[in-house]
2 protein chains.
Amino acid sequence: MSQAVPKHDVYQAIADPTRRKLLGLLSDKEMPVKEITGHFSMTRTAVSKHLRILEEAGLVRDRKVGRETRYRLDAEPLKELKDWLAYFDRFWENKLSMLRYYVEEQQEDPSDNDK
Amino acid sequence: MSQAVPKHDVYQAIADPTRRKLLGLLSDKEMPVKEITGHFSMTRTAVSKHLRILEEAGLVRDRKVGRETRYRLDAEPLKELKDWLAYFDRFWENKLSMLRYYVEEQQEDPSDNDK
DNA sequence: GAATTAGGAAACCATTTGGTTTCATATTGA
DNA sequence: TCAATATGAAACCAAATGGTTTCCTAATTC
């Protein structure tokens, strides 16, 4: 029974470009902090903090190997995002619903000054 | 030639739960600010600011009708998110790659103290 | 035309965020 | 054992974020 409620959610976690890049990096392979830091132009401490946030969102796991801490991706929490996104599929994949929407709009409001 | 570089990107826009709720609301139908505000427990001004951020990310459009401003969803920018997400599909939909990963890990490093 | 209604703009505020530097601790390696 | 290495923790800081209140303008309605 570790942490039931994550302190950072996945939406927040991926909001930062550095963290998105981190996820990409760690999807290739497990990496210790020092190697990870080499891919960024910020201090090791800053990278470490981003890793913590990803970890709190469950997107990354770490294990100690000797004196280094290796991080790797855990993509599972991205499911939530995918599910959320799926709801909006009909709004751009199915253009028909959009079209119907606009037609109704024109009819119900003749004072339309949109254009 | 309006704004080539949006001030807020879609990742940032959906990071806030209020804004995600807004997108859900506006997917049903176009709505004026006052009606939208009724669905939240914050001031109209605060809601208005969230709408602005969504608009800057291209996720929402507005049109003036009389004295009211009606907002509606534009889901198109969510494609970017969907594309980004797609890259990670193999990491949880195809469990084989994950399995292979763990096996290699055990072999190459006997000092594993993960558990 | 005066009062009401819808909404944006500006100033302000507390908290969060993304970064830094500095210090402490554990593991190696000579 | 002692120096070097890898990392985390803590204190600090500027800027961004999410809210509020107060004021202004444009439509609407009586």
Side-chain angles (χ1 to χ4, degrees), chain A residues 5-23 25-26 29-57 59-72 109-114, chain B residues 5-23 25-26 29-57 59-72 109-114:
Chain A
V5 176
K7 202 154 67 182
H8 284 97
D9 62 44
V10 69
Y11 300 97
Q12 212 181 330
I14 66 155
D16 185 89
T18 298
R19 289 196 290 268
R20 289 198 299 278
K21 187 176 167 186
L22 276 170
L23 293 181
L25 254 187
L26 297 176
K29 60 183 182 101
E30 186 183 64
M31 246 185 255
V33 177
K34 199 198 173 191
E35 186 181 349
I36 297 173
T37 303
H39 293 263
F40 296 87
S41 56
M42 64 184 75
T43 60
R44 173 185 50 79
T45 314
V47 171
S48 210
K49 279 173 152 190
H50 282 300
L51 286 169
R52 174 88 42 84
I53 290 173
L54 290 175
E55 200 159 45
E56 283 169 354
L59 284 164
V60 126
R61 295 172 168 275
D62 74 284
R63 63 191 254 263
K64 293 300 230 37
V65 176
R67 61 185 153 188
E68 52 184 33
T69 309
R70 299 186 186 167
Y71 286 84
R72 66 177 125 94
D109 188 7
S111 70
D112 182 358
N113 56 352
D114 195 16
Chain B
V5 177
K7 203 155 65 184
H8 284 97
D9 62 42
V10 69
Y11 300 96
Q12 212 180 331
I14 66 154
D16 185 272
T18 298
R19 289 196 289 269
R20 290 197 298 276
K21 187 177 168 186
L22 276 170
L23 293 180
L25 254 187
L26 297 176
K29 61 183 182 98
E30 185 183 64
M31 247 185 254
V33 177
K34 199 198 173 192
E35 185 180 350
I36 297 173
T37 303
H39 293 265
F40 297 88
S41 54
M42 64 183 75
T43 60
R44 172 184 52 78
T45 313
V47 171
S48 210
K49 280 174 154 188
H50 282 300
L51 286 169
R52 173 89 40 85
I53 290 172
L54 289 174
E55 200 159 46
E56 282 169 354
L59 285 164
V60 127
R61 295 171 168 276
D62 74 282
R63 64 191 255 261
K64 291 299 229 37
V65 176
R67 62 185 152 189
E68 53 185 34
T69 309
R70 300 187 186 167
Y71 286 85
R72 66 177 126 93
D109 189 5
S111 71
D112 182 359
N113 58 351
D114 196 16

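When reading the values below, keep in mind they use all heavy atoms of this one structure, side chains included, and skip hydrogens, waters and symmetry mates. Everything quoted here is computed from the prediction, not taken from an experiment. Reminder, nothing fancy here: chain letters follow the sequence lines and each chain counts from 1.
- No donor-acceptor pair closer than 3.5 Å links the side chain of A:R63 to the backbone N or O of A:R72.
- One can place NZ of A:K49 at 12 Å from C1' of D:dG8, the figure rounded to the nearest angstrom.
- Contact between the side-chain N/O atoms of A:T69 and the OP1/OP2 oxygens of D:dG8 is found at a separation under 4.0 Å.
- Checked by atom type and distance alone, the side chain of B:R70 never pairs as donor or acceptor with a backbone atom of B:E30 at under 3.5 Å.
- A distance of 6.5 Å separates CZ in B:R52 from OH in B:Y71, rounded to the nearest 0.5 Å.
- B:I14 places a side-chain heavy atom less than 4.5 Å from the side chain of B:L59.
- Take the nearest nucleotide of DNA chain D for A:P32 and for A:T45: the residue whose nucleotide is more 5' is A:P32.
- Between the CG atom in B:L54 and the CZ atom in B:R20 there is a gap of 11.0 Å [rounded to 0.5 Å].
- Separating the CG atom of A:D62 from the C1' atom of D:dG8 is a distance of 11 Å, rounded to the nearest angstrom.
- A:D16 has its CG atom 11 Å from the P atom of D:dT17, to the nearest Å.
- Atom C1' of nucleotide D:dT25 and atom CD of B:E68 are separated by 17 Å, given to the nearest angstrom.
- In this view, A:T18 and A:D16 satisfy the side-chain hydrogen bond (donor to acceptor under 3.5 Å, both in side chains) rule, not counting sequence neighbours.
- Across the protein-nucleic acid pair, B:H8 atom NE2 and D:dA15 atom P stand 17 Å apart, rounded to whole Å.
- As judged by a 4.0 angstrom heavy-atom cut-off over every strand, A:R52 is placed among residues touching the sugar-phosphate backbone only.
- Atom CD in B:Q12 sits about 10 Å away from atom P in D:dA16, given to the nearest Å.
- Where A:R67 and A:R44 meet DNA chain C, the nucleotide closest to each residue was compared, and A:R44 sits on the side nearer the 5' end.
- For B:H50 and D:dG19, the shortest distance from a side-chain N or O to OP1 or OP2 is below 4.0 Å.
- The environment of NZ in B:K21 is crowded: more than 12 heavy-atom neighbours from other residues, nucleotides or ligands sit within 6.0 Å.
- Rounding to whole angstrom units, CG of residue A:L51 and P of D:dA6 are separated by 16 Å.
- For B:R70 and D:dA27, the CZ to P distance is 15 Å, given to the nearest whole Å.
- Protein chain B contacts DNA chain C from C:dT4 to C:dA11, reading 5' to 3' and using non-hydrogen atoms of the protein with a distance under 4.0 Å.
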